[in-house]
J.: 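Could you have a look at this structure, given as structure tokens, before my questions?
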Amino acid sequence: MSARSRREFLADVGRGMLIAGVGSATALELGLTTALAEEPRTRLTFGELEPLVSLLQETPLERLLPVLAEKLQSGTDLKTLVSSAALANARAFGGEDYTGFHTFMALVPAYQMAGELPSARRALPVLKVIYRNSSRIHATSSSDRDVLSPLTEHETIAADARGEEFRKAVHAADLRRAESQFAGAVQESPQAAFDLVQHAIQDEADVHRVVMSWRAWSMLDLTGKEHAETLLRQSVHYCVDVERKIRQRNGTGASIRSLLPQLLTEYRLLERPLGDRKADDAWIDRFARLVYSATREEAATAAAAALAEGFHPESVGEAISLGANLLVLHDPGRLEKWSSKEKPPGCVHGDSVGVHASDAANAWRCIARVGNARNRVAAIIVGAYHTAGQTALTTEEPYPYASQLGDLKAEDAGSLLGQLEEAIRGNDQARACAIADRYGSLSLSVRPLFDVLLKYAVSEDGALHAEKYYRTVAEEFAATRPAFRWRQMIALARVTASEHGFPAPGYAEACELMGVS
């Protein structure tokens, strides 16, 4: 018997002894039985996309980009490429791997960014994120090992009870039951499944669970609704995994779990139609600052009260987004004790409080637009809760750039954009903010400014957040009234200057293959 065979034999013997000790049910939950059993495992497959999905999951990293360049040259479009990458990611990670789900969340933003670029450069953001995806798949030995396999159990629950029953299953960390209930909802419709998972998404102020939920839904525009089960299912795995961790530390979960149903009942928000009252600028500014400075419970209560007073969810959501933006503008930068090579002291890119809050607020607003009647109001309340209570490490005044405004004399876009690029390449966050502010005050066309910031959102790594935050700002700028929207551009200029100097792995090779500089 070879050394490898002996190791495998002893491992199987040891695993068999462990299963005997813990019992087959526990062993199944721990994933111990699949390696012992010789029964073939049915793989989740994706019809006509399967060959490309498998190629993306299995191709060695060093061969990936040349293979994809050939695919593009032979007629494969970016929509098909992104769809297949999303399915490969979901099958491999199932929403359970940190870098994996961050990469999934970047795929739709990368595709949207591609649409803003000249044709010769359009593939670059997509290839960048797919390279990251493949890198993580191979780093975790997931090229031929899947988290998701076909669902075989489907439990049908009455519509008026299914949300609470699903929450109970998730709170019990019962993945089998939660997936069965989810699968039953998917059989009714993708919308029913999306609305169901929101009952668990709303239980924590967790940027990853809300953004992944939203990005999975938006990905259906590319893959088609027939893949809703695979993509939305990631949220079930994520939420159950969080519950397991809460149980391990004997925790109780966030206060929003009891506060949300209390507010929905107290303000009778499920008994009345949504209001259409539009807030004026003064109200929006006050509410944004309230959300920024209040406790989470205070902000959630204020949002519920505003909805009860008839304010449209878009108005309340706009203020929440601006509250999150204040967290970017008041961030003193990363402290030394939490810094790393990729995230040095003073930086604000990556998982900074403001970037996370902005991405989460954007996702809550989007969910409120597409969810059912309950989730339209619930998403706004939880969005306010999620954004608030995070000022412990912020500064009293916004990031100090105002003093530099007087030094900026240029009035033409070309000069200001050139100065902005110099500030970005020099990691000068304050000057980048000042130039963006000056640019906006002159009412110059915003597209050239977006183009400069887009260039670096594509070329730089951004500590897993460049694509998501760029698209957050683009969407929130479009959805925010003129009096306040420029704050979003100032924040993006700051984050862009922070993230420069850390080029994205695979980007240079992608440029070479696409024939661009």
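All values derive from a computational prediction rather than experimental measurement.
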J.: Can you tell me if Tyr470 and Glu116 form a side-chain donor-acceptor pair at under 3.5 Å?
T.: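 Distance-only check passes for Tyr470 and Glu116.
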J.: Heavy atoms, side chains only, cut-off 4.5 Å: are Pro505 and Asp461 in contact?
T.: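 Sidechains of Asp461 and Pro505: in contact.
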J.: Could you tell me if the side chain of Leu232 sits less than 4.5 Å from the side chain of Val186, heavy atoms only?
T.: no
J.: Would you call the rings of Phe477 and Phe450 parallel, tilted or perpendicular, taking 30° and 60° as the class edges?
T.: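 If you compare the ring of Phe477 with that of Phe450, the planes turn out perpendicular.
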J.: Are the side chain of Gln390 and the backbone of Thr387 linked by a donor-acceptor contact shorter than 3.5 Å?
T.: yes
J.: Does the side chain of Glu179 pick up a donor-acceptor pair with the side chain of His237 at under 3.5 Å?
T.: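 Result is yes, a qualifying pair exists.
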J.: Do the side chains of Glu467 and Arg132 get close enough for a salt bridge, i.e. N-O under 4.0 angstrom?
T.: yes
J.: Looking only at side-chain N and O atoms, does Asp146 offer a donor or acceptor that is under 3.5 Å from a partner on Gln57?
T.: yes
J.: Applying side chain to side chain donor-acceptor pair (under 3.5 Å), run through Gln198 and Ser213 and close with a yes or a no.
T.: CA-CA 8 Å; Gln198 296 312 311; Ser213 168; 2.8 Å; yes
J.: Stepwise, does the salt bridge (Lys or Arg N to Asp or Glu O under 4.0 Å) test hold for Arg334 with Asp351?
T.: CA-CA 10 Å; Arg334 187 174 294 270; Asp351 57 349; 2.7 Å; yes
J.: Less than 3.5 Å apart, any donor N or O on the side chain of Ser54 or Glu50 sitting next to an acceptor on the other?
T.: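 The answer is yes; a qualifying pair exists.
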J.: Show, in sequence, the C-alpha distance, side-chain angles and deciding distance for Ser143 and Glu58, and conclude whether the side chain to side chain donor-acceptor pair (under 3.5 Å) test is met.
T.: CA-CA 5 Å; Ser143 58; Glu58 298 166 7; over 6 Å; no
J.: Would you say Arg277's side chain and Gly310's backbone share a donor-acceptor pair under 3.5 angstrom?
T.: no
J.: What do you reckon, is CD of Glu271 surrounded by more than 12 foreign heavy atoms closer than 6.0 Å?
T.: yes
J.: Show the numbers, then the answer: is there a side chain to side chain donor-acceptor pair (under 3.5 Å) between Gln262 and Ser258?
T.: CA-CA 6 Å; Gln262 174 189 321; Ser258 57; 5.7 Å; no
J.: Any Lys/Arg nitrogen of Arg257 or Glu204 sitting under 4.0 Å from an Asp/Glu carboxylate oxygen of the other?
T.: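 Salt bridge flag = yes for Glu204 with Arg257.
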J.: Kindly determine whether Glu475 and Arg365 satisfy salt bridge (Lys or Arg N to Asp or Glu O under 4.0 Å), including the steps that lead there.
T.: CA-CA 11 Å; Glu475 292 168 15; Arg365 290 190 77 185; over 6 Å; no
J.: Is the NZ or CZ atom of Arg209 both under 6.0 Å from the centre of the six-membered ring of Tyr238 and within 45° of that ring's axis?
T.: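 Arg209 over Tyr238 ring: no.
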J.: Within a strict 4.5 Å, meaning less than it, do heavy atoms of the Asp276 and Phe311 side chains meet?
T.: no
J.: Could you check if a side-chain atom of Arg136 sits within less than 4.5 angstrom of a side-chain atom of Phe93, using non-hydrogen atoms only?
T.: yes
J.: Side chains of Ser255 and Glu297: do they bring a donor and an acceptor to under 3.5 Å?
T.: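 Distance-only check passes for Ser255 and Glu297.
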J.: Side-chain contact test, heavy atoms from C-beta onward, threshold under 4.5 Å: evaluate it for Asp359 versus Tyr469 and give yes or no.
T.: yes
J.: Going by heavy atoms in the side chains, are His208 and His102 under 4.5 Å from each other?
T.: yes
J.: Quick one, Thr45 and Val53 - any side-chain contact, counting heavy atoms below 4.5 Å?
T.: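 Counting from C-beta outward, Thr45 and Val53 never come under 4.5 Å.
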J.: Side chain to side chain donor-acceptor pair (under 3.5 Å) for Tyr292 and Asn325? Distances and angles first, verdict last.
T.: CA-CA 9 Å; Tyr292 166 74; Asn325 169 264; over 6 Å; no
J.: For His356, which of His465, His349, His386 qualifies under ring pair (Phe, Tyr, Trp, His ring centres under 6.0 Å)?
T.: His465
J.: Tell me the ring-ring contact (aromatic ring centres under 6.0 Å, His included) pairs involving residues 135-172, sequence neighbours left out?
T.: none
J.: Say whether, by atom type as modelled, one donor and one acceptor occur between the side chain of Ser180 and the main chain of Arg176 under 3.5 angstrom.
T.: no
J.: Going by heavy atoms in the side chains, are Tyr111 and Asp221 under 4.5 Å from each other?
T.: no
J.: With the threshold set at 4.0 Å, does a side-chain nitrogen-carboxylate oxygen contact exist between Lys278 and Glu318?
T.: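 Salt bridge flag = no for Glu318 with Lys278.
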J.: Does Leu231 offer a backbone N or O that forms a donor-acceptor pair with the side chain of Gln234 under 3.5 Å?
T.: yes
J.: Report the C-alpha distance between Glu476 and Arg485 in whole Å, list the side-chain angles of each, state the deciding distance to 0.1 Å, and finish with yes or no for salt bridge (Lys or Arg N to Asp or Glu O under 4.0 Å).
T.: CA-CA 8 Å; Glu476 293 304 317; Arg485 64 170 48 141; over 6 Å; no
